[in-house]
Structures are given as structure tokens and as C-alpha cells.
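Below: one structure, written as C-alpha cells.
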Amino acid sequence: MTAGIDPVLSAPRPRFAETDAVSLASATFGVAAVSARNLGSERDQAFLLVGNVGDPLAVMKVSNPAESTAMLDMEALVVAHIARADPDLPVARPWPAPGVETTGAEGFRVRAEGCWVRMYDVMPGHGRRDPLTFDDEVLTAWGTTTARLSRATRGFFHHAGGRVMPWDVQHALTVRPMVPCIADPDWQATVHGALDRYEAVVSPVWSALRAQIVHGDLTTDNALVDNDGRVTGIVDFGDMSHSASIIDLVATLDSLGAGRSGAELLRVARLIIDGYERVLPLESVELAILGELWAARAAIGVAISSWRVEQGLEDAAFAERYNPTAMEMVDTLESVGWRLGPSRPPRRGALVARREVAFGPGMEALTYDEPIEVVSAEGVWLTASDGRRYLDMYNNVPCVGHAHPRVVEAIARQGRVLNTNLRYLHRDAIELAERLADRCPAELDTVVFVNSGSEANDLAWRMACAVTGRSGGLCTSFAYHGVTEAVAAFSPETWPSGYEPGHIGRWAPPDALRSAHLGPQGFTAAIDHLAGRGHGLAAVMLDGVLQSDGVLDPAADYVQDMVRRTHAAGGLWIADEVQGGHGRTGLGLWSFERFGVTPDFVTLGKPMGNGHPVAAVITRRSTAAAFGAAQGTFFSTFGGNQVSIAAASAVLDVLDDERVIERTAIVGEQLRTALHRVMINDDWVGDVRGVGLANAVEIVTDRTTNTPDPHQAETFKNALRRHGVLVGTTGPVGNVIKIRPPLAFHADHLVPFIDGWEAARSSVLMG
Ligand code: PMP
């Protein structure tokens, strides 16, 4: 036997006859039993003691002589711990030994005939039920019970937990020398396969798994169940050791999976896991190796039982009863690559082609001439399916950074608790509305939650029309405000050629580089044009960082003048903060703040939930009231659901805690300075501009004419991608490189950014 392995494994179990058990019970705990029934156990003996009317009195356990007293004491103490941590969890409790003064763990055992004897309450229920009789609900309930057991045990410590038990999956590889004892060569190969896989996949991550003292063997052999199969008693803590926390789940899967295989085995496993995760959500690493752990446990059982039979320690029929089903389970797990997720038929074909078929031709084209499949992200870094990391200088939605833990956890936590709608009182939604209103000019005191920037603008527009009784709208010449029918009309960026909705007027925003459109003429002309077509001005929509128009930063007095003119014409001002809001400018939470104006509507979206869909309209109470009077109440099923609110609240918290706005102002300035240094002498760079982390580099044919060069912009964008930096293009002709990273971008990221930028620049210049 391998050194360090618990001697209990090979020591023969005690062999008291049932009649001896009766006298042992009387001598040790004074139990006056009429008869005793041997309950069968691998290493110990357990007897059900029966009274004179056939009534069960107690369960007596006679330990293996090789068992250490520390182990027995650990068993007594853990039950007391569980009773405190989860009083409703049905665990069998040991009896105090008669006449023993101490209240310590040693007061639960009595020495007799060379063995330790313990007495336990009889738990209700049936033993050794066939798990094939359990229905789905019962299977899920087993998962939940398993998690409760792990949770109730996790704060427990005892030095005996350090024992080395070969059944404990952490020592899976120690059973290798036993494999030759398996009679069937196919089974030997299967067991080796499971152990090889364990060695390759589990061993490297084992040290990082959550660990605790675990029960170690929650199976149908060690639990009593009611008529349906629900656990009514957890009876044997003899396999405890300090191991990975999920080992209890592994034992449950292994036990309840017996007799099942193929898709049904995996379906049942998923139900059990669902039940478990109701109480204890798994970490990704745990979920990733669950199949391997399960297969290893099944393989260990086959190896140890075969070895024990060969050693003459056990009767083959009893010891090897689970081996055929264990091998079937391992075969199933191996056949699906050890993954427990639903199996779907494999699809053929490149993703790009499948995307085109699945999403259809109306879907926007992929970015980059070699599209990227992004598989994970963190902060300002994206990781592609080939493992390559990219600096994300494009995505403004994950404003506090991809996968920010505060936001991710807020979403997950709330999802576990409740997710409904605003027809119920929801404190957090009300508080978020109050916080948002507090961050706006005083008169903007009313918040309506929706799900996307498009919906926010759509609703603001509907309100504006209802309140003004007018029908005309104004937007910048190449604006984008969303996808609904109403706001697609405000999105000339996506208009098909020749399309020009009659109720929408456009004006060209100031182009400082070319000194064009600096005055209000275009704006007033557009209002007049609308009026000429019979549309009074209801609203003007402006994206505060003018992303689609080429990332522009108009002067405050210019915007103030536009707002004045809008109001003078009887219209309302919609500040679209979907791009510029949540700190993007580094000059305030909202981009309109730097203009010193008070909008009539503020619309929020994209960064509001850091990637989780949530959006809002903020307006005056009187506006909302007038809208209600004209059009009835407003309700959006998902708008303001608890999970979205949790995400949006977390984003605001992080923006404050990390002082993101202040950092954005500083690092934005540094970024433009660095870009200037690298590019400003290039004749093909017309302009480096921006505010905060809404920045642009305008690509032109030459600096004399500043003629836009969209082709070169596209080439440069793809070159940057090849050098690990992701940007996009924008502007009326697509010659503007837009640089708007997550606001998690900070000074350290300037180095990889500028390195990538210089490398891309050299590659483009060299043609
Ligand atoms: N307004 C602006 C300024 C936007 O940039 C966008 C999206 N790019 C929208 C509105 C629409 O938001 P969503 O895609 O969430 O509907």
C-alpha cells in the first residue's frame, strides 16, 4: 500500500455478530436492545438496535480498530457544528456516553473489546434507495441538500481533517498501483483514462480550488430518504477530510448517476447542479473540472474495490456492486469531452458564414478585415479565441471596464434574489432614480427607466411631441440616435441614400478643422425648412460628443445658442447622453454639463449598466405629467427591473469610488498629447482632437486640403488591429479614427497604446 494512506483502508473491519452487538450496546451505553441488525459497512460495523416491540432504539457504530480517536472526535464535533450552522439539516447526532463528565468530543465514545463504540439517534427514512426511482425534483433537492451540507461544514476545522483518504478525489492518483487489480482490461483502460485526464486538467488547478473539511461521501448509502427519495437523514461522517469544497457535489453526482448513462446521465447531473447552485454558486474553475472530478471519483471506486477484493478484505459481490455503472458513467463523461453542458449537434462552417446566415443581410458588417472572435475581457483588455489579447480603445459601453467585479457581482447577486418589474415597490430603483435626478439640473427630477438608448430617445421624442403638440425634429447631419422607427428618423448615419423623412431637419455641426459651419445659420435654416413643410419644431436631439459626426467638441456658447434658438422656436432640447454620459468627457457625469445648458430631456443608455441593458429618460415632472395626460401611463416590462437597477447602481458607485471622472480628464489629456507627438507631423493626419476619453484622429489625403481619406483610415484601423489595438472609424465619410476606450483606461495603458500605434503607423507608411 502506498505510504501515507490511512491504515483504515486495509485494516479488517470489526466482526461482531448481531447477538454480540446486543450485549455490547448494553455494556457501553446501557441500551436494552432485544435484537440488532447489521447495517453493512466497508470499514466499520453499524447495527440497528431494536427494542422489545420491534421499535428502533439507536444505531450503534463499532469503529475499525485502526481508526484514530481524533477522527472519531472530529465526527462528533462536526455534527454539533452543522446543528448550529443549519439546524434544519437532518444529521444523525451521537449520544453522550453514560457517566462521562466531559462535554468534549471524547465524551461521545466508549471503549469496549478493543474498539470504540458510539451510539446515534435513529433517523427517519429508508436506506439505500435506488436513485433511479428519484424524480427530477428530488434530484434537484439532493443538489440543494448537498450544498447545504457543504455550507454548514465550511466553517468547521479539526486537525484530523488532514488525513489522507484514497477515496478523497484529491488523492486520485494514489490509486494507480491498484489499477492492475481490476480484472477487465477495458475497465483498466477506462480508469487510467480518467486518471490521466485528472492529472492533466485537475492537478494543475487543485491548489486554487476552494477547500474545507468535507463530508466526502454523501451518497444513497450514507443518507436516509423519504418515500420520494428526499434526504431525511445524513448518517455517516466517516469519510471526512480537508478537500475541495465541491467534492460533496462530486459524491452526489456519482451516487445519483448510478444506473444512468448518455444524455440522461448528463441531464440528471445538470438538475443536481442547479439544486446545488441555488445555495452555493460554483466558481468557473469548479464548473470547468466537475466532469473530470466525477470521472476520477468513479474510477477511484472501481480501483479501490477491486484492490480490496484482491486483498481478501471484502466480498466481491458487495464491494464491486457499483463498478459497472461507474464505468458507464466514465464512458459517458469521456464521450462528451468531460463537459456537463447540454450536448448540441456540432455545426459545420466558418463562423463568419454562419453569422451571415443566422443574422441575415440587414445586420451590420463585422469590424476589421480579419474579424475577431472575442471570448473574454477584463478592464481594457479583450481576449480573442486564439488567445491573443487586444487593447480595447473602442468600447465605451463597459465604461468602468470589462467584467468589473462590482457590476458583475451586483448582477449575479440580484439575479439570485429577485428580478421583476416596477409594478412592485422597488427601493433600489427609486433610490437610483433619486440619485440620477440629483446629478441633473434641479428641474430634471423625473426618471423613467427603459432598456436601450433607442428606447430612451424614442420616449423622449414621444414626450416632446405630446407636450409641444408639434411634429418636427432636428438632428445633426450625420447623427445616430437609435433603431426604433421614430429615432431611426433621427439617425441619418443609417439612412439609405435618397431617404429624407419630411418631419426631420438636419444641421451641420461646427467643423473646426475646416472652419466650416461655425455659426447658427445651418441650424436656423433647418428650423425654417421644417416649418416650410408644415412641421413646427418639437425637439432637437444632440449627442453631446457628436460621435457619428466625427467626434466633435462644440464650444459652450455655440450649444447655448442652439438651445436658446430651440426654445425660441417652441421646441425642446434632448441631450442624448448615450455616448457622452457617465463620465466620458471627464468634465462631469453628463456631457451637456460642459455646455452650461439645461436640457429638457436627458437620455441615458450604453454605459449605464456597463454592458447590461438599462437606459433612462430624465425630464421634468410637468413634462411627464403632460405626456401622461395626452398619451396615458408608460410601462416597460424590463425597464427598471431589479437586475438592471443593480447594475446601474453599481456603475454609479464605481464611478465615484474610483474617481473615474477625474482620471478620465487627466488621462484623456495625456492620450491626446501622446498622439500629437506620434502623428502630428504626418501629412495624412489632419487633426487629433477630443474631450476626456472621446477622442478622434482625422485621416486626410494631405494637410493643405484636409480632404477626408476614408480608405487610409480603414487601412490604419486594420493595421492597429494587427498590432493589438482596437479602434473604429466614424464620421460622415468614415475617415475619422474614434478612440473611446472603457473609462478603466489609465496612464499605464498609454504605453501599449502608443507602442501599437507607432507600430501600425510604421507598417502603414511602409505600405
Ligand atoms: N444615441 C447615441 C448617441 C448612440 O450612440 C446610440 C447607440 N450607438 C444610441 C442612441 C442607441 O442606443 P441603443 O443601441 O442602446 O439603442
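Atoms within a ligand are numbered from 1 in the order they appear, just like the ligands themselves. Both backbone and side-chain heavy atoms feed into the values below; hydrogens, waters and symmetry mates do not.
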(request) Answer yes or no: does an N/O atom from D576 fall short of 3.5 Å to an N/O atom of ligand 1? (result) yes

(message) Quick test of your reading of the structure: of G453, S452, G605, whose heavy atom lies closest to atom 12 (O) of ligand 1?
(response) G453

(request) Could you see which bit of N457 sits under 4.0 Å from ligand 1, with heavy atoms only: side chain, backbone, both or neither? (result) side chain

(request) Report yes or no: does R721 contribute a side-chain atom to a donor-acceptor pair with the main-chain N or O of D369 at less than 3.5 Å? (result) no

(message) Considering non-hydrogen atoms of the protein only, which is the closest contact for atom 16 (O) of ligand 1, and what is the distance?
(response) S454 OG, 2.4 Å

(request) Using atom types as modelled and distance alone, determine if a side-chain donor or acceptor of Q414 lies under 3.5 Å from a backbone N or O of L418. (result) yes

(request) Verify the distance criterion only: is there a donor paired with an acceptor across the side chains of E455 and T484 at less than 3.5 Å? (result) no

(message) Checking the side chain of Q642 only, and the main-chain atoms of T420 only, is there a donor and an acceptor separated by less than 3.5 Å?
(response) yes

(request) Going by heavy-atom distance to atom 9 (C) of ligand 1, choose the closest among V578, L546, V483. (result) V578

(request) Could you tell me the residue and atom name of the protein heavy atom closest to atom 5 (O) of ligand 1, and the distance to it rounded to 0.1 Å? (result) Q579 NE2, 2.7 Å

(message) Would D543 count as a polar contact of ligand 1, with the cut-off being nitrogen or oxygen pairs under 3.5 Å?
(response) no

(message) To check you understand the geometry: which heavy-atom pair defines the closest contact between F595 and P554, and what is its length?
(response) CE2-O, 3.3 Å

(request) Tell me yes or no: between the side chains of D600 and H567, is some donor less than 3.5 Å from an acceptor? (result) yes

(message) Just checking W684 against F716, ring centres under 6.0 Å apart?
(response) yes

(request) Look at ligand 1 and say whether H481 reaches it with a heavy atom at a distance under 4.0 Å. (result) yes

(request) For ligand 1, indicate whether the residue E455 contacts it via side chain, backbone, both or neither (heavy-atom separation under 4.0 Å). (result) neither

